[in-house]
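This report refers to the structure that appears directly beneath it.
Note that ligands are numbered from 1 as they come in the structure, with each ligand's atoms numbered from 1 the same way.
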Amino acid sequence: MGYTVRQLRAAGADAVRAPSLHNTQPWRFRLRDGGIEVAVDPRRALPATDPTGWGARIACGAALFNLRLALAVAGTPATVRLRPYPADPDVVARLEPDVPRRPTPTEQSLHGAIARRFSNRAPFWPDPVPAEARWRLGEAARAETCWLELVIGTSAVNALAEVARSAHRVLERDPAYVAERVDWMRSEPAPDGVPAAAGGPQSEPQDLLPQRGFGARHRAPGRDFEPEPLVAVLGTPGNTATDQVVAGQALQRVLLTATDAGLGASLLSQPIEVPAAREALRLSLGRFGTPQMVMRIGYGQPGCATPRRPVDEVLDLPVVPA
Ligand SMILES: Cc1cc2nc3c(=O)[nH]c(=O)nc-3n(C[C@H](O)[C@H](O)[C@H](O)COP(=O)(O)O)c2cc1C
């Protein structure tokens, strides 16, 4: 027995809650021969910001993780094949029904966090992230065969921040990159793009980490943004297209684990998008493999989820003969 349209529609509604670059939602979900397939939607590409498709594969990997959770919680877990068709590299995964079973407590709590997760770009409070939560975040990455390096100590954080700021400057000098960012900023209600209210406060010259400018809320000048965020780098052993889908799944698992622990997080991908910065980051971490995402994590102000397109807009369903 394969998956049904009903199962796809229900799980798809969770899948689309995944994060994506500029909230482009670059995914499609289809039902084929009883399996659910997740594919990159090339019509939602960002040629200047994401010329290699890395970001789209991360987003599809994150959506795939939500899909896996939703199916497992519904009692119909999936076996997953990543990038199953060499001739069709846009298909990032195919899910087929596994033996039905009850969901684990971890699956249930991570699934419960899907609707509560959002990118929290506001300053975090000074409270440090406790050791137990740090450990859980690392475990979340390891469970998806990735690593999470917590950047500890002022000089290590400063070194990473310097790399991120210089990558940010490089990107902001590219008019095509800036045009894409502006194009996906939303001042009116919309089903995609980054709403002005979700953008962080405006940046100041003394800021440690570069925030991508989405709308920029007013902020008292001259003050530090936040005292000491926890900065983490997610990485994979390799950097093939498949590794990037794996990284997307791990990213979502880390973000949901953070949400479940009452923590906020936001993503900073400028140092990943600029090849020289990514290499500098890799060398500074001294880890085997490739950095795939930088994030800041901490206790923050409440916020709300950003909009998504209705699930039916991203489904390709089999045509039923009349
Ligand atoms: C690959 C990737 C890169 C991202 N890079 C950044 C970034 O550099 N700065 C940022 O503020 N948000 C970044 N985001 C977060 C998206 O803007 C965010 O997920 C999207 O707007 C949807 O909002 P939500 O996370 O609140 O659901 C990134 C997300 C992904 C998947």
Side-chain angles (χ1 to χ4, degrees), residues 14-27 40 44-46 49-66 92 113-123 163-165 167-168 170-172 177-178 180-181 183-186 190-203 207 209-217 225 229 231 233-234 236 244-256 258-259 264-274 277-278 281 291-297 300-309:
D14 283 324
V16 300
R17 296 299 329 153
S20 59
L21 252 175
H22 300 0
N23 200 15
T24 52
Q25 305 164 40
W27 39 61
V40 167
R44 301 219 140 216
L46 294 168
T49 313
D50 186 27
T52 64
W54 153 86
R57 286 186 287 274
I58 294 275
C60 285
L64 165 63
F65 186 72
N66 282 4
V92 302
I114 291 176
R116 300 198 311 273
R117 185 211 61 82
F118 66 96
S119 293
N120 191 339
R121 301 183 181 87
V163 171
R165 288 195 303 263
H168 183 71
V170 169
L171 293 169
E172 289 292 329
Y177 164 90
V178 173
E180 275 180 359
R181 175 168 59 68
D183 214 34
W184 286 91
M185 278 163 55
R186 301 282 183 262
D192 56 12
V194 184
Q202 59 198 97
S203 13
D207 287 351
L209 297 169
Q211 291 258 27
R212 226 167 212 157
F214 293 119
R217 278 178 268 161
F225 185 74
V231 179
V233 182
L234 177 77
T236 39
Q244 295 166 1
V245 178
V246 170
Q249 296 183 84
L251 172 68
Q252 185 65 357
R253 189 164 184 144
V254 170
L255 294 174
L256 294 178
T259 305
S266 74
L267 307 178
L268 288 109
S269 57
Q270 299 96 322
I272 308 293
E273 290 163 31
V274 176
R278 194 183 207 181
L281 183 61
Q292 299 286 354
M293 186 59 77
V294 178
M295 51 194 123
R296 53 184 271 288
I297 301 168
Q301 302 162 26
C304 53
T306 50
R308 295 292 187 271
R309 291 177 290 158

- Message: With a 4.0 Å heavy-atom cut-off, what residues sit around ligand 1?
- Response: P19, S20, L21, H22, N23, W54, G55, I58, R117, F118, S119, R121, V194, R212, F214, L267, L268, S269, Q270, M293, T306, R308

- Message: Run the side-chain hydrogen bond (donor to acceptor under 3.5 Å, both in side chains) test on R296 and S266 for me, step by step, so that the C-alpha distance in whole Å, both residues' side-chain angles and the decisive distance to 0.1 Å come before the verdict.
- Response: CA-CA 6 Å; R296 53 184 271 288; S266 74; 2.9 Å; yes

- Message: Do E273 and Y177 have side chains that approach each other closer than 4.5 Å (heavy atoms only, starting at C-beta)?
- Response: yes

- Query: Are any of the side-chain heavy atoms of R17 and R116 separated by less than 4.5 Å?
  - Reply: no

- Calculate, to the nearest 0.5 Å, the distance between atoms OG1 and CD belonging to T49 and E180 respectively. 3.5 Å

- Message: To the closest 0.5 Å, what do you measure between CG (D207) and NE2 (H168)?
- Response: 9.5 Å

- By salt bridge (Lys or Arg N to Asp or Glu O under 4.0 Å) - contacts of R117 (at least two apart): none

